[in-house]
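In this text the structure is predicted, and so the values were computed from the model without any measurement. Chain A is the first sequence line, chain B the second, and so forth, proteins listed ahead of strands; every chain is numbered from 1.
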Number of protein chains: 2
Amino acid sequence: MKRTNGTAERKNRTTILDIARRAEVAPSTVSNALSGRRYVDPQIAERIRKVAAEEGYVPNSIARGLRSGKANAIGLLSSMPFGVAGGSSRLGFMMELAAAAAAYALQRGLALLLVPPMEAGRPPLQNFMLDGALVVEPFAGDPFIQQLVDYALPVVTIGKQPGGDDIPFIDLRSRETAELVFYHLIESGAQRIALMIGKSRRTSYIETQVIYIERMKQLGALPAIVEIAEEGGEQAGYEATRELLAKEKNIDAIFSFVDAFATGTCRAIRDAGLGVPEDIRVATRYDGPRARDNDPPITAVDLGLSDVAESAVKLLIDSIDGRQPGKKSLLAPPPRLVVRGSSS
Amino acid sequence: MKRTNGTAERKNRTTILDIARRAEVAPSTVSNALSGRRYVDPQIAERIRKVAAEEGYVPNSIARGLRSGKANAIGLLSSMPFGVAGGSSRLGFMMELAAAAAAYALQRGLALLLVPPMEAGRPPLQNFMLDGALVVEPFAGDPFIQQLVDYALPVVTIGKQPGGDDIPFIDLRSRETAELVFYHLIESGAQRIALMIGKSRRTSYIETQVIYIERMKQLGALPAIVEIAEEGGEQAGYEATRELLAKEKNIDAIFSFVDAFATGTCRAIRDAGLGVPEDIRVATRYDGPRARDNDPPITAVDLGLSDVAESAVKLLIDSIDGRQPGKKSLLAPPPRLVVRGSSS
DNA sequence: CTGAAAGCGCTTACAG
DNA sequence: CTGAAAGCGCTTACAG
């Protein structure tokens, strides 16, 4: 009896050697016959296939991977903290990307490995077999990116990493997104718009702030920017909004960028005895379940995440295959405003 | 110069042999020093760690996996067709399970591999490195399960596979779920309830039908069961409902089991000139975005999927580790009815 | 306590 | 056209 290979259930699996012995050929011939990579005498090939079928032979993908240097898998990572990326229903930005990325990756023969943010510490990437990774909205100096670069793994980021000039990315068009939102809020009558945004240095935050400040200057209005630690999630959005309303009396619109903040913002406005949208209009970026399910539903932006995910996987596959893509970045589809009760 | 190993980006990575040479010890000593698996003279261990750090050594997880027989990854598979599992926003049952399973698996040092249903053909499971898999609501004779069993991979199903008596599973308590829904519909005044359900032989469908028939008998009402091919998604739900309403005139409630069907059901009722819930009450099983975002929002059941996912991963890890768990199945949390506008 | 060897199961050059 | 050998990069017994 052969030794087991550690996993009780998988002991004694038929190997290519077993097939070779029974079919009386060399192991390499079995390999070639089964993979079709090289010509093998049709009669012999047929015999090999028959034996393999009889023995229930299944190739060991890890052994194959060691030789070929491919894991046939890519990771999807996010350093966005749990209060935001996850939350009670956990059906947000990252999972929408995950679903689309997984579907497309599978079409290309790759599995998608889901690496959610960890509550504490870094995920044990060491242990995972990956050919590359997608990173969702990394911030400047994101340790995730650093770790992947250390592992010499190809990376594509969804949303450029600030300063990550050598890393291929999908341009989420955050400037345009911000333009859309501010234009809408102003057009619907807002005079004094506040911006509530995450603290970390992610490109979407940075670009939104730039546009916000420009607009406020044009409008001759004083900017009111509140930066929130993302870990706080909805509760932090709530508290920040209460404070803001206590200090600034003439706010009549809030772009509460992160959807988790935005639901907190709505709650805070109501608790302050004010109405959404009558007294204060609210908008958020990601048009996910959180925005849609809120009462009232929150105006948001359709970012075309299915297309984003697909482009990202494409770029990553190019990078894994060592193809130097003409462009190191791809554009997301144009953002589309979805107006809802929170602002009209 | 060393040969590359196939992936352009990962050529010439430092190996344990490089470290061994530079630190003037045996490769096995490097392995032991770095893993801490065996005692190594502290001075030597320190030297090894220093060299490894300098060289930027990262262990090759595939090589490690070949030797140890572990991929440190589990799969999440669903044979539910795309119209149902996916759909435009793709944020459904499977993704909610995925998010929770991934988070818990990561805590246990495992990655979660997302294997969505393929449009055509079977996914290339051969190529994926897995220690086991979770299968979502398999039907009788599900080829996914067959494939996994052929690969001798441990499997846990979320929802028992009909006839799958040897496969550990999470009991989704579909009988109780059905009881809750029918009790609610009857209590809210329904006299003639129709059941609209998928065609394949999944446990949740089977159990729901059993309860439905019992209830109708008690009520002295004629059962009206419509079985729909799942691939049809919302459109099939729409068409089936139109046909049903054309044939049966006194239907005043529909349990449209699959959420994709249920939104079609609501649309069909309206197109027939009737109102939800005034003329016909509607309920569905999975309390996801689809049910919540519908107009009117659809009464549904909270199945506690986070707990379900966690239990499933636990059971799977037991099975992978060869531990014979006391129980081969675990119970989902009690289903909880979420009453919404579609039925009240 | 540590080293040298064998081996995980394939695939890839190298011979013939 | 096919076989025998080497090798992917680790870890696991086996020696000492």
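- Contact annotation: Thr29(A) reaches the phosphate of dG3(D) (side-chain N/O to OP1 or OP2, under 4.0 Å).
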Requested in this report: Evaluate the salt bridge (charged side-chain N to carboxylate O under 4.0 Å, His left out) criterion for residues Glu310(A) and Lys314(A): first the C-alpha distance (whole Å), next the side-chain angles of each, then the deciding distance (0.1 Å), finally the verdict.
Outcome: CA-CA 6 Å; Glu310(A) 190 168 322; Lys314(A) 268 188 194 132; 3.6 Å; yes
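- Proximity note for Ser28(B) (side chain, C-beta onward) versus dA5(C), dG9(C), dC1(C): the nearest is dA5(C).
- In this structure, Ile16(A) atom CD1 and dC10(C) atom P are separated by 5 Å, rounded to whole Å.
- For residues 98-112 of chain B, no residue pair satisfies the salt bridge (charged side-chain N to carboxylate O under 4.0 Å, His left out) rule, not counting sequence neighbours.
- One interatomic measurement links the two molecules: CE of Met129(A) to P of dC8(D), which rounds to 18 Å at whole-angstrom precision.
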**Report entry** Per-nucleotide pairing state of DNA chain C [Watson-Crick or G-U, under 3.5 Å; [ ] pseudoknot-crossing; | other strand]
**Finding:** |||.||||||||.|||
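- In terms of position along DNA chain C, the nucleotide closest to Val40(B) lies nearer the 5' end than the nucleotide closest to the other residue of the pair Ala63(B) and Val40(B).
- At a threshold of 4.0 angstrom between heavy atoms, the contacts of Arg37(B) are confined to the sugar-phosphate backbone, with no base atom among them.
- For the 3.5 Å distance criterion, the side chains of Glu230(A) and Ser200(A) qualify, holding a donor opposite an acceptor.
- Asp142(B) has no carboxylate O lying under 4.0 Å from a charged side-chain N of Arg201(B), or vice versa, which leaves the two without a salt bridge.
- Considering only heavy atoms from C-beta on, Leu34(A) comes within 4.5 Å of Tyr57(A) through its side chain.
- Residue Ile62(A) contributes atom CD1, which lies 15 Å from atom P of dC10(D) at whole-angstrom precision.
- Between the CG atom of Asp18(B) and the P atom of dC8(D) there is a distance of 11 Å, rounded to whole Å.
- The side chain of Asp41(A) lies closest to dT2(D), out of dT2(D), dT12(D), dA4(D).
- Distances from the side chain of Arg67(B) to the nucleotides dC10(C), dG9(D), dC14(C) place dG9(D) closest.
- Rounded to whole Å, the distance from NZ on Lys70(A) to P on dT11(C) is 15 Å.
- The distance between atom CD1 of Ile19(A) and atom C1' of dT11(C), rounded to the nearest whole Å, is 16 Å.
- When Asp171(A), Asp165(A), Asp166(A) are each tested for a salt bridge (Lys or Arg N to Asp or Glu O under 4.0 Å) with Lys160(A), only one passes: Asp165(A).
- Summarising the geometry, the separation between CG on Leu66(B) and P on dA6(C) is reported as 18 Å, rounded to the nearest angstrom.
- For the salt bridge (Lys or Arg N to Asp or Glu O under 4.0 Å) test, residues two or more places apart in sequence or in another chain that qualify with Arg22(A) are Glu54(A), Glu55(A).
- Where Glu24(B) and Arg38(A) each meet DNA chain C at their nearest nucleotide, the meeting point lying more 5' is that of Glu24(B).
- What separates CG of Asn72(B) from P of dC10(D) is a distance of 15 Å, to the nearest Å.
- Checked against dG9(C), dC10(D), dA4(D), the side chain of Pro59(B) finds its nearest nucleotide in dC10(D).
- Here the side chain of Asn60(B) is nearest to one of dG3(C), dG9(D), dG3(D), namely dG9(D).
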